[in-house]
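Since the structure comes first, as structure tokens, the remarks are kept for the end.
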Amino acid sequence: MASVTIRPVRTRRELKRFVKVPFRLHRDHPQWVPPLIGERMQFLNRKKNPWFEHGEAEYFIAERGGEPVGRITAQVDERWDEAQGGSDAMFGFFETVEDAEVTRALLGAATEWAAGRGHSRILGPMDFTTNDEIGILIEGFELRPYILENWHPPYYQQQLEAQGFGKAMDLLMWYLELGKLAEGEQFSPQIHAAATKALREEGVTIRNIDKHNLEREMRLFTPIYIDAWGDNWGFVPPTDAEVAFHAKILKQVIDEDWAYIAEKDGEAIGAALTLPDVNQALAKMGGRLLPIGWLRFLLGRRKIDRLRVFALGVKRDYQHSGVAAGLYLKHLETSYAPGAIKRGEMGWILETNTAMNRAMEGMGGEVVKRYRVYEKALSGDGASR
């Protein structure tokens with residue numbers, strides 16, 4: 001068998017080859033959803049993604065016999081250091097065939113790159129931060145991923161752990177049936193009471209985000225996001241440029257009926273960004289908008305029947321005032337409309353986030369997927385240990 005060669009990405013052609021590695025690995029698996037190639041090219045473009053204003057990354061492709069058999073990035077982030085402390089590097093965009101030699105070579109390239117820059121630990125996968133797709137799927141392989149979720153075969157976990165990577169944190173995806181909640185079968189009386197108190201007695205109002213003024217709305221959303229998630233494990237506050245970059249992408253999929261801002265006395269204090277699962281349409285597009293991808297997307301979008309609660313948070317000063325419960329209730333009320341979507345997933349939620357996980361239990365939720373972020377200590381001579 002030919003040996004494994006690791007090559008850094010240097011040209012646009014090589015970057016496209018990097019992007020298409022999972023197409024080669026997973027195209028025949030029914031659960032894998034191909035990303036849009038153009039969007040991934042833009043995201044990984046150092047001149048277009050504002051993450052590179054404070055981050056540095058190297059991209060590697062593993063080849064055997066001239067054919068791509070895996071990929072990985074290694075990256076460092078000044079804002080991670082500021083927010084999380086320590087001397088950490090990250091790896092991301094991890095894909096590999098079921099071959100220990102390939103996995104070892106990929107992880108070796110990433111850890112050598114990180115240790116060579118003086119870092120003492122590497123974590124991942126993160127594509128590029130916890131604000132993006134993160135973790136290796138370790139439960140829920142039989143389920144198709146929702147929007148902005150990765151799918152991995154079971155052997156990824158085995159391969160990483162065989163190379164000495166250990167658990168840093170698990171993240172949970174909860175499945176909720178809003179239809180059952182609307183029928184009064186499962187909604188916790190305590191959550192309902194808290195929502196009622198916030199909305200009727202505390203003067204909190206909840207409105208829909210105005211998609212046509214999304215830039216303004218994101219300026220309201222961002223301080224909530226930073227304040228609400230600021231103490232979370234792995235959180236890195238996004239810059240204004242990063243928020244604008246992501247908003248431009250999300251504008252194509254946001255549904256105003258499912259995006260909310262909570263306000264009190266004119267201050268935005270909570271928000272929820274729930275997205276229709278466009279993966280249901282993307283699954284049939286093969287990663288391309290042309291020549292007929294747009295048509296398939298438009299036709300497929302009409303059939304979307306599930307959601308992902310991508311972000312829901314409340315400023316810390318208001319986290320015990322029932323505002324989050326009010327946002328839960330708003331989702332429930334939206335599902336009452338004829339023809340409205342009535343099911344979906346919420347997450348990622350840190351396994352250590354007791355309050356949110358209890359709330360999901362109180363709403364009759366079920367953990368259906370688990371993602372794991374791994375870590376490994378690095379020595380100063382470019383080796384892991």
Side-chain angles (χ1 to χ4, degrees), residues 22-23 26-27 29-40 43 132-133 137 140-151 173-183 208-212 214 217 221 246-260 271-312 327-349 360 363-369 371:
F23 287 76
H26 308 315
R27 62 190 172 195
H29 198 287
Q31 307 305 352
W32 180 70
V33 177
L36 288 175
I37 295 171
E39 186 278 327
R40 291 288 83 185
F43 188 87
D132 306 305
E133 287 94 327
L137 183 68
F141 307 107
E142 73 283 3
L143 302 174
R144 178 170 285 176
Y146 282 44
I147 180 173
L148 300 175
E149 293 177 15
N150 283 323
W151 179 87
M173 297 299 303
W174 289 82
Y175 178 77
L176 297 171
E177 284 278 1
L178 294 176
K180 293 181 179 179
L181 292 175
E183 296 164 5
N208 295 84
I209 283 177
D210 182 358
K211 183 176 178 178
H212 299 291
L214 192 58
E217 299 287 54
F221 176 83
H246 287 285
K248 185 180 294 186
I249 297 171
L250 291 176
K251 189 174 183 179
Q252 309 304 315
V253 299
I254 286 176
D255 184 332
E256 291 173 309
D257 289 342
W258 293 101
Y260 319 114
L273 185 59
T274 296
L275 304 172
D277 179 29
V278 297
N279 271 11
Q280 290 180 288
L282 291 177
K284 299 179 180 180
M285 291 172 59
R288 299 183 182 277
L289 291 174
L290 299 174
I292 60 173
W294 269 118
L295 178 60
R296 287 176 174 170
F297 179 75
L298 292 173
L299 293 174
R301 184 164 185 162
R302 298 173 187 172
K303 301 177 182 179
I304 292 174
D305 63 355
R306 62 188 199 179
L307 304 156
R308 178 183 172 192
V309 184
F310 178 66
L312 188 153
L327 290 167
Y328 302 149
L329 187 61
K330 181 67 174 177
H331 282 82
L332 181 60
E333 291 172 347
T334 302
S335 74
Y336 291 161
I341 299 174
K342 301 183 185 298
R343 66 189 181 103
E345 289 183 359
M346 182 166 182
W348 298 281
I349 300 177
M360 293 303 98
M363 295 175 69
E366 174 190 4
V367 175
V368 290
K369 297 173 190 161
Y371 289 83

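We're numbering straight along the sequence, starting at 1.
Side chain of E217 to main chain of D210: a donor-acceptor pair is present (N/O by atom type, distance under 3.5 Å, no hydrogens or angles). Between the side chain of W151 and the main chain of F141, a donor-acceptor pair closer than 3.5 Å is present. Side-chain atoms of R308 do not come within 3.5 Å of backbone N or O of G344 as any donor-acceptor pair.
In this structure, the side chains of L148 and E133 come closer than 4.5 Å at one or more pairs of heavy atoms. With contacts defined as side-chain heavy-atom distances shorter than 4.5 Å, the pair Y260/L327 qualifies. Side-chain atoms of L273 and I254, non-hydrogen and from C-beta on, do get closer than 4.5 Å to each other. Side-chain contact between L176 and L332 is absent, with no heavy-atom pair separated by less than 4.5 Å. Between L214 and K248, the closest side-chain pair of non-hydrogen atoms is not below 4.5 Å. Residues Y146 and K369 form a side-chain contact, since some pair of their non-hydrogen atoms from C-beta on lies under 4.5 Å apart. For the pair E177/K342, no side-chain contact is recorded, criterion being any heavy-atom separation below 4.5 Å from C-beta on. In this structure, Q280 and R306 have side chains that are in contact, with non-hydrogen atoms separated by less than 4.5 Å.
Paired with L36 under the rule side-chain contact (heavy atoms from CB on, under 4.5 Å), one option of I249, V278, L282 passes, and it is L282. Only one option out of L307, V368, D277 pairs with E345 in a side-chain contact (heavy atoms from CB on, under 4.5 Å); it is V368.
R144 and P30 make their closest contact through NH2-O, 2.8 Å (heavy atoms, listed as atom of the first residue, atom of the second, distance). Of all heavy-atom pairs spanning S335 and A340, the tightest one is O-CB, 3.8 Å. Heavy atoms only, all atoms of each residue included: I304 and P276 are closest at CG2-CB, 4.2 Å. Nearest heavy-atom pair across A311 and F221 is CB-CZ, 4.1 Å.
L329 contributes atom CG, which lies 8.5 Å from atom CE of M363 (distance to the nearest 0.5 angstrom). Of the inter-residue distances, the one linking N279 atom CG with Q31 atom CD reads 11.5 Å to the nearest 0.5 angstrom. Atom CG in L312 sits 4.5 Å away from atom CE in M346 (nearest 0.5 Å). I209 CD1 to T274 OG1: the interatomic distance, rounded to the nearest 0.5 Å, is 9.5 Å.
In this structure, R40 forms a cation-pi arrangement with F43, its terminal cationic atom sitting closer than 6.0 Å to the ring centre and no more than 45° off the ring axis.
Ring geometry, W32 versus F23: the interplanar angle exceeds 60°, so the pair is classed perpendicular (tilted spans 30 to 60°). Ring orientation note: the planes of Y371 and W348 are nearly perpendicular, at an angle over 60° on the 30°/60° scale.
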